[in-house]
Structures are given as C-alpha cells and as structure tokens.
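Throughout, protein chains are lettered first and strands after them, A, B, ... in sequence-line order, and every chain is numbered starting at 1.
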Protein chains: 2
Amino acid sequence: MSDQANLRVQRLRDAGYKLTNARLTILTILEQHGGHMTSADVLEEVDAVAPEIGRASVFRSLDLFTRLSLIRPTYINDSSTPTYVLLPGGHHHHIICTNCDRVIEFEDCHLEKLEHELEQKFRVRLTGHLLEFYGLCDNCAARQPD
Amino acid sequence: MSDQANLRVQRLRDAGYKLTNARLTILTILEQHGGHMTSADVLEEVDAVAPEIGRASVFRSLDLFTRLSLIRPTYINDSSTPTYVLLPGGHHHHIICTNCDRVIEFEDCHLEKLEHELEQKFRVRLTGHLLEFYGLCDNCAARQPD
DNA sequence: TCCCTGGTGAGACATGATCTCAATTGCGGT
DNA sequence: ACCGCAATTGAGATCATGTCTCACCAGGGA
C-alpha cells in the first residue's frame with residue numbers, strides 16, 4: 001500500500017470511523033485508478049472485485065470520503081453523474097475542455113498563501129481545495145478560431 | 001437588465017445560439033438569485049414564472065450555459081444534485097464546510113498569473129475557473145477541536 | 001472474549017435527468 | 001414585412017441514479 005493510501009486510512013481512523021472491509025476496498029479501488037472515477041465506475045469495479053459489497057455502502061463511503069476531503073465530486077462529462085477526484089495532499093487542479101470534455105491536470109497552484117489568509121480571515125480550518133479552469137483545449141481552440 | 005446579464009446574452013448570441021424565450025427566462029432567473037441554485041430550485045422557479053417551459057429545456061439550457069462557462073455545476077450538499085454557481089466575469093470562489101455545508105464566498109483569488117501561464121503552457125484558451133476550499137467553518141471548528 | 005454501537009447488504013422506492021418526436025419559433029435572407 | 005428552414009422546444013414516457021429501511025453483522029475497546 002502506498003504512503004498516500006496509508007495517510008488516507010490514518011485519516012479515517014483518526015476521525016473515529018471503523019476500518020471496515022467495504023471502506024478499505026473502495027478506498028483501494030480509488031487509489032488504483034489514480035484519480036478520476038464516476039460513481040458508476042466505482043460501482044462496477046466494486047462489483048467485479050467484491051460483489052458482496054452493496055450499492056448503498058458504496059455511496060455511503062463516497063460521501064464519507066468526501067466529508068473527510070479525501071476525494072471530491074465534480075462535474076466533468078454530462079451534468080448528471082459526479083466524477084470523483086482524489087485529493088492527494090488535500091488538493092487537485094485541472095483544466096476541463098468545455099467542448100470535448102478532455103481533462104488536463106496540472107500541479108502548481110501557489111495557493112498556500114491564500115489558504116492561510118482565508119483561514120485567518122474567516123476563522124475556518126481548511127483541509128483541501130479543488131481548482132478547475134474551463135475553456136478550450138489546444139485541439140478545440142484550433143478548430144474554433146475567434 | 002444588468003451589464004453582467006447583457007454580457008451573458010451577448011455570449012450566447014456570439015456563440016451562434018438563438019435567444020429563445022426559454023433560455024432568456026432561465027438566464028434571468030439565475031441572475032436574480034445571484035449565484036447558488038440547485039437544478040430543483042431552477043425548475044421550481046421556472047414553473048412559477050413561466051410554466052410553459054418544459055423540464056427538458058431547463059436541463060438543456062443549464063448544460064448549454066455550462067459549456068459557455070456562464071455557470072458551473074458543483075456539489076455542495078448531498079452528492080446527488082448539482083448546485084449551479086454563476087461565474088460573473090468567468091470565475092467564482094468559495095469555501096464549503098464539510099460538516100454543516102455552509103458556503104462562504106470570497107472574492108480575491110490572484111489567479112490571473114497562473115491562468116496566463118497555463119494558457120501558454122498547454123496552448124488552451126481559458127474562459128473561467130472555479131476555486132473551492134474545503135474544511136470546517138468557524139462554528140464547526142470550534143465544536144470539534146483537534 | 002464479550003459487548004455494544006456503528007456499519008452493512010438487499011431490494012423496494014423515490015427522485016432526477018434523458019429521450020423522442022411532432023410542433024414551434026428565432027432570425028437570416030429577400 | 002414576409003418567408004423558409006434549421007434550431008429549439010414541450011410533453012410525457014422512460015431510464016438511470018441515489019436513498020431508505022431494517023434485520024443482521026463485525027470492528028475494536030474494555
């Protein structure tokens with residue numbers, strides 16, 4: 001198991017949640033796919049790997065992980081099904097092409113400073129963030145000059 | 001009609017879409033509510049204001065506005081219904097409390113520089129962005145010390 | 001090892017979004 | 001101002017997705 005994965009398990013335990021088979025299995029699946037999965041993808045994979053785990057538990061786990069800022073649901077393709085992204089180290093950043101739905105990930109965000117400012121200004125305790133840019137990818141931009 | 005609203009109508013027209021009654025009505029509703037609406041909220045309001053507009057058109061319009069970066073769906077309360085946020089001037093920023101779902105909006109993001117860097121690096125044309133921080137709001141942080 | 005409470009699984013159910021297709025309407029051209 | 005046509009719409013059936021209930025089970029502290 002990767003260090004990142006251990007960190008996540010740790011976070012579950014620290015928050016007082018039991019390390020059940022369902023939760024660990026689903027967490028592992030998310031890890032292995034490295035980031036972008038729709039709920040349908042997760043359901044399918046769970047069914048393939050551990051069919052004894054019920055649908056309800058999958059949704060419950062995804063909700064729980066979201067509350068713990070381990071993952072975050074976002075809209076990528078259609079507007080009806082969430083795509084969950086892993087938040088390794090608490091954050092994730094990507095560009096979504098609004099024409100072809102391609103996703104381009106990038107690393108740097110330089111948001112540490114802003115994060116601190118916000119924590120002081122609003123007296124909140126922040127555990128993660130997601131930054132999404134929207135626009136046209138190189139292919140689509142080339143085809144649609146303006 | 002506000003300048004912002006005119007800008008959005010302009011954007012619709014420029015992209016070659018017809019300014020139909022359904023689209024203009026829905027856009028106006030989004031404007032008037034100033035930002036956060038779930039699809040259910042929009043449906044309800046449409047039904048109150050212009051009951052002749054069908055459900056399908058509402059979803060079609062929301063999808064269209066999303067593609068044009070006028071709005072952006074995001075998950076705030078549960079993970080099953082999207083909340084649409086207006087992207088005035090192309091961007092929006094907020095903090096979501098992962099415990100009580102309170103949303104705190106803030107203005108500054110200082111992301112112009114990063115946006116330019118990304119446009120050059122990936123040869124994309126960006127039209128908007130959404131920045132979400134997750135964590136505990138002041139109330140919830142106070143109750144859950146650690 | 002025991003116990004208790006949080007968590008689980010099955011499946012019925014509710015809600016939310018999509019699809020189809022004939023009818024309508026914006027809007028460019030004349 | 002009018003025409004014509006492609007884009008868009010509205011109704012409702014249909015489909016998909018997530019939720020709820022409840023009896024049962026299992027993780028983990030004592």
query = Listed by chain and number, what are the side chain to side chain contact (heavy atoms under 4.5 Å, CB included) partners of B:H93, not counting sequence neighbours?
reply =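 B:H93 satisfies side chain to side chain contact (heavy atoms under 4.5 Å, CB included) with B:H91, B:F106, B:C109, B:H129, B:L131 once adjacent residues are dropped.
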
task = Go through the structure and list residues passing side chain to side chain contact (heavy atoms under 4.5 Å, CB included) with A:R23, not counting sequence neighbours.
result =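 Scan of A:R23 (side chain to side chain contact (heavy atoms under 4.5 Å, CB included), adjacent residues dropped) gives A:L12, A:Y17, A:K18, A:T20, A:S61, A:L64, A:F65.
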
Residues in side-chain hydrogen bond (donor to acceptor under 3.5 Å, both in side chains) with [X], at least two apart?
X	answer
A:E31	A:R8
B:K113	B:E117
B:T25	B:N21
A:S39	none

Between atom [atom1] in [X] and atom [atom2] in [N], what is the gap in whole Å?
X	N	atom1	atom2	result
A:L64	C:dG7	CG	P	8 Å
B:F59	D:dT17	CZ	P	14 Å
A:L27	C:dG7	CG	C1'	16 Å
A:R67	C:dG6	CZ	P	13 Å
A:D63	D:dT17	CG	P	16 Å

task = Check whether any side-chain nitrogen or oxygen of B:S39 sits under 4.0 Å from OP1 or OP2 of C:dG16, and answer yes or no.
result =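 For B:S39, the contact criterion (side-chain N or O under 4.0 Å from OP1 or OP2 of C:dG16) is not met.
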
query = Same cluster for A:L130 and A:L118 if Ile/Leu/Val/Met/Phe/Trp/Tyr side chains link at under 4.5 Å?
reply =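 No, A:L130 does not connect to A:L118 through the hydrophobic network.
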
If you round to the nearest 0.5 Å, how far is [atom2] of [Y] from [atom1] of [X]?
X	Y	atom1	atom2	answer
B:L24	B:I29	CG	CD1	11.5 Å
A:D138	A:I104	CG	CD1	6.0 Å
A:L126	B:C97	CG	SG	10.0 Å

request  = Scan nucleotides 22-30 of chain C nucleotide by nucleotide, 5' to 3', and note B when protein non-hydrogen atoms come under 4.0 Å of the base, S if they reach only the sugar-phosphate, - if neither.
outcome  = ----BS---

query = Does the A:T74 side chain pair with the main chain of A:T83, one donor and one acceptor, at a distance under 3.5 Å?
reply =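 No.
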
All N/O donor-acceptor pairs, side-chain side in residues 41-49 of chain B, below 3.5 Å, sequence neighbours left out:
residue, atom, partner, partner atom, Å
B:D41, OD1, B:T38, OG1, 3.4
B:D41, OD2, B:T38, N, 3.0
B:D41, OD2, B:T38, OG1, 3.2

query = Hey, does the side-chain of A:R60 have a donor or acceptor N/O within less than 3.5 Å of a partner on the base of D:dG18?
reply = no

ask   = What residues in residues 43-53 of chain A put a non-hydrogen atom under 4.0 Å from any atom of DNA chain C?
value =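 Within this stretch, A:E52, A:I53 sit under 4.0 Å of the strand.
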
query = If an axis is fit to five pairs at each end of the helix from C:dT1-D:dA30 to C:dT30-D:dA1, what is the angle between the two, to the nearest 10°?
reply = 60°

key: Proximity to the side chain of B:S57 - top-ranked nucleotide from D:dG10, C:dA17, D:dG18   =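 Out of D:dG10, C:dA17, D:dG18, the nucleotide with an atom closest to B:S57's side chain is D:dG10.
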
task = Between C:dA17, C:dG7, D:dT9, spot the one nearest the side chain of B:R23, thanks.
result =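 Nearest listed nucleotide: D:dT9.
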
Is there any protein nitrogen or oxygen under 3.5 Å from a nitrogen or oxygen in nucleotides 11-15 of chain C, and what are the pairs?
none

ask   = Does anything in residues 26-54 of chain B pair up under ring-ring contact (aromatic ring centres under 6.0 Å, His included), and if so which pairs, sequence neighbours excluded?
value = B:H36-B:H92, B:H36-B:H94

